[in-house]
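Just so we're on the same page: letters track the sequence lines, and every chain starts at 1. Bear in mind the structure is a predicted one, so any value in this text is a computation, not a measurement. The analysis underlying the following values was restricted to heavy atoms, covering all of them including side chains, and did not include hydrogens, waters or symmetry mates.
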Amino acid sequence: MKEDASLILEDDMKKKLCIYIHIPFCPKRCHYCSFCSSENREDIFSAYFGALKGDICQRSPEFEGSAVTSVYFGGGTPTYPPAGYIVQVIKWLKNFFSFERDIEISIEANPATLTPRKVVQYLKCGINRFSIGLQSSNDRILRVVGRSHTFEDFVSTVELLRSHNVKNISADIMLGLPGQKLRDVKKTVGHLTDMRIPHLSAYGLKVENGTRLYDMVRGGEVALPDDDECADMYEYVYEELKYNGIYRYELSNFAALGYECRHNLSYWHREEYLGFGASAHSFVDEKRLYNYFDIDEYIRKARTNAVAGWEEVSKSDAEYEYIMLMLRLREGINLKKFKKLFGVDFMEKYKNIVDKLSDYFVISPEFIRVTDRGFYVLNSILTEFLN
Amino acid sequence: MSDSRIRNFCIIAHIDHGKSTLADRILEKTGAVQLREMEEQLLDSMNIERERGITIKLTPVSMRYRARDGQEYLFNLIDTPGHVDFTYEVSRSLAACEGALLVVDASQGVEAQTLANVYLALDNNLEIIPVINKIDLPTADPDRVRCEIEEIIGIPADDCPLISAKEGIGIEEVLESIVRKVPPPKGNSERPLKALIFDSQYDNYKGAICFVRVFDGSVREGSRIKMFATGKSYEVTEVGVFTPKMAPVSELSAGSVAYICASIKTVKDTKVGDTITDADNPCDEALPGYKQVQPMVFCGIYPADGSKYSELKDALEKLNLNDAALQFEPDMSAALGFGFRCGFLGLLHMEIIQERLEREFDFDIITTAPSVSYQVYRTDGDMLRIDNPTHMPPQSEIDRIEEPVVRAHIFTPPEFIGPIMELCQDKRGVFLDMHYLDEKRVQLNYKMPLSEIIYDFFDGLKSRTRGYASLDYELSGYEESDLVKLDILLNGQVCDALSIIVHREKAYARGRSIAEKLKVAIPRQLFEVPIQAAMGGKIIARETVKALRKDVLAKCYGGDITRKKKLLEKQKEGKKRMRQIGTVEVPSEAFMSILKLD
């Protein structure tokens, strides 16, 4: 098993940070999207990035000198605005922070938004990981959920990246899409393993109130696979990727050894991160902060303070968060570390739950983690730990 | 007004024959209420009564009527319930009257409840005035109905008023008949006070209010009165009549139907059927009163939120203030925690109480399957009365079980005899006899276990006869029967709140049906949940709720851990509302789902 990253980090003296940058722009919004994104708003690119600069300049000095281990451009579609904006953001960040030598800089990309010119610019400013939203290799499904690309676009995007020698490529796929069958998932996964994509995220679709898809489902326009079908899909993804040497390191994330997403892991490890941009979240000094969700409001407020609200995480909440986050990981909870962090013996404190759910836990003297069967019902397990 | 111009009467009828509408018209005609105050079913003051078109409470009202003879008469009308569950309430109002209007639907004719009510009225020596209603309907056949009244009931109907309460036709006829036929009260205002409490009501300001019929003597504000049953004395604070709103008057004399307030703390001190007399100058003996009503149907009522036990208790006590027939005592279930075992007059009464708890008190409740009261004879000779399946002794200790049996009278058009017989047979009914009332109406008499009547019988009867059949029944005793306790096991553990007592032959079908319903109502959990129905130690049905396979949160969007935590907390809240049966989490709806009939 890979060594616990957070344990290594502890020995280092310098404050470590991850940085998240939100780019809320898309050429077209997907029907299931409830995130902070806007459709076709090229008119406010410069206003937004100006605000983003203000946000970074206003909140960074406090953490000046911290060593950044990862930067993540999420969206939206960060590859939609001209690459020059992204290049600048990295420049601004470097004014305040020192970037670790082996820093991971990821950018989410949608197929058909990357051009050779953009790729060159991204690579030049240090971006070294591309996460491509594929969702499905079935073009019909892509159309139904309002994706503005085809599977072929994905293939060309990967080829483009590889022609520039990019290895660290991730593909996002979704399970439980309208009309999706297990055989669709098999095909999608088959393509990805054939293409030797070293990192995969497989997220279950959640139909949120207020989205276009929500109305489509309610209106009977589309039908969703049931929970059993979704579980079959998930299990297939897990088994098939494992067979291909791509391991589940987190509930929804799968990677060949060495390709785990550091930024992603930092969330689950309860490491500190700063989020810039509309709706971005930060976690510093046991406080969870969130920025204004509305893009226009963010633009208005970012120069003075982009933070719309925050919450102090209490000691008991921290413990619960830790359990909630660490059980998502293959590594599970390190019992020694748990005791060091919270001053209690996990196995003693939660004996009743562990006994009751013994079928769902793998226990060793060093760690406790959930079984394969436990991953996809993790919520039910986690609620047991809430009192 | 002299006693000779007082008329005390009630209206009796089968349900839906237009009793409350006739009452409305009488009120209008006598000017007791102005048209602008008029609402339909004026005397049915509870929303539930108006919505269901039924009368539950007795509502008295006083009116003045100037008759054709030029004299003004005082009418005291007491509206009565028409449903079989509330026969007891009917008998209470009858005891306060000298006459009864018997309303019969001109197309439906004499129905089961018509007859039952007539017998009650005859028992009370009332003058019965038949009234044929709904003559405006195209299907009306007043001549046939007149014959039915004469032949089946045996009272002359040649000059009975033909009316349409809905259209206001013939109402004056009815009023004149009352003047002519209902005898005036025979009381004597000079004698010591003797008044019958026929109902009572709780008022936050006035305390328990007695609804009374004064037979002898008089009473006024400041009088000192005494209750025969409790021996307690009170000073009268207010007397009055119903217009139908309560209107104070200076004095009540013999013959009045009225109310008395005397700062009485609880309705328990105003026992329905008790006699009120003068504390200083009491009468020699009490009026006959009524026999104590016995609940026929029982069920457990629990708060859906286990912590709300004391609120539920308050709510039941409040309902009890105006509904003395409701009985309840604290009960404890392993599955549902603290709650109450409640006794009701019948199924409708039970439904009404449940609905009132939910609507008037905004209470989420869980109820268990309705049960009757069984007589269980143990091998040691002891007899236990069991109305809660949980308290059933082990089979090895039971010598025999007897169940309450009723005589059911079903009135129907002849074309439905076949389906009704089939239904009765299916419900373990024993055919007694059948006779044609005329060529269009048949009366079928069956002996039937009460437990079968309260389980789906009425609905079955209505659906098989397109609503044409009517039912009445009275308890006829207890009979031995091959009864067993059916337990439901969730993951191997008996859930006491789901146990029922059934006839052995029905156990398999009921067990299967309950297991199937629970399978749908219990959400998937981390473990597979076997649902078993067991009789004695034997499993007779099994279903399985498959183990949960998907319960995850999607993408952690932009590091929003707080949202994840909140979603889990919400899920946890949902779980907390469920009942824990061993390792199985059971939502309240699951308990209710088994009560829904197929």
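- Heavy atoms of A:Glu229 lying under 4.5 Å from chain B are absent altogether.
- At a 4.5 Å heavy-atom cutoff, the contact between A:Leu325 and chain B is made by side-chain atoms alone.
- Between A:His22 and A:Tyr298, the ring centre distance reaches or exceeds 6.0 Å.
- At a 4.5 Å heavy-atom cutoff, B:Glu573 makes no contact with chain A through either its backbone or its side chain.
- Panel note: side chain A:Ser358, backbone A:Val354; no donor-acceptor pair is recorded below 3.5 Å.
- Proximity to chain B involves both the backbone and the side chain of A:Glu384, based on heavy atoms less than 4.5 angstrom apart.
- B:Phe328 does not carry B:Arg341 over the face of its six-membered ring by the limits of under 6.0 Å from the centre and within 45° of the normal.
- In this structure, B:Asp331 contributes its side chain and B:Gly339 its backbone to no donor-acceptor pair below 3.5 Å.
- In terms of heavy-atom pairs under 4.5 angstrom with chain B, the leader among A:Leu175, A:Asp232, A:Leu205, A:Ile21 is A:Asp232.
- Using a 4.5 Å cut-off between heavy atoms, A:Leu382 touches chain B through its side chain atoms alone.
- Only the side chain of B:Lys575 comes within less than 4.5 Å of a heavy atom of chain A; its backbone N, CA, C and O stay farther away.
- Ranking A:Gly275, A:Cys230, A:Gly277, A:Ser266 against chain B, the residue ahead of the rest is A:Cys230, based on heavy-atom pairs under 4.5 Å.
- For A:Tyr267 and A:Phe283, the ring centers sit 6.0 Å or farther from each other.
- Counting heavy-atom pairs closer than 4.5 Å to chain B, the top residue among A:Leu378, A:Leu386, A:Asn264 is A:Leu386.
- Cation-pi geometry between B:Arg549 and A:Tyr376 is not satisfied (NZ or CZ under 6.0 Å from the ring centre, within 45° of the ring normal).
- No donor-acceptor distance shorter than 3.5 angstrom exists from the side chain of A:Tyr234 to the backbone of B:Lys550, with no hydrogens or angles considered.
- Only the side chain of A:Asp359 has a heavy atom closer than 4.5 Å to any heavy atom of chain B.
- Here the two rings, on B:Phe591 and B:Tyr302, have centers that are 6.0 Å apart or farther.
- Both the backbone and the side chain of A:Leu357 come within less than 4.5 Å of a heavy atom in chain B.
- With respect to chain B, the highest number of heavy-atom pairs below 4.5 Å among A:Ala231, A:Gly176, A:Ser380 belongs to A:Ser380.
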Using salt bridge (Lys or Arg N to Asp or Glu O under 4.0 Å), reason through B:Lys485 and B:Asp487 one step at a time and then give a plain yes or no. CA-CA 6 Å; B:Lys485 183 177 163 208; B:Asp487 287 319; 3.5 Å; yes

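- By number of non-hydrogen pairs under 4.5 angstrom with chain B, the leading residue of A:Lys206, A:Arg373, A:Glu235 is A:Glu235.
- Ranked by heavy-atom pairs under 4.5 Å with chain A, the first of B:Lys572, B:Glu569, B:Arg524 is B:Lys572.
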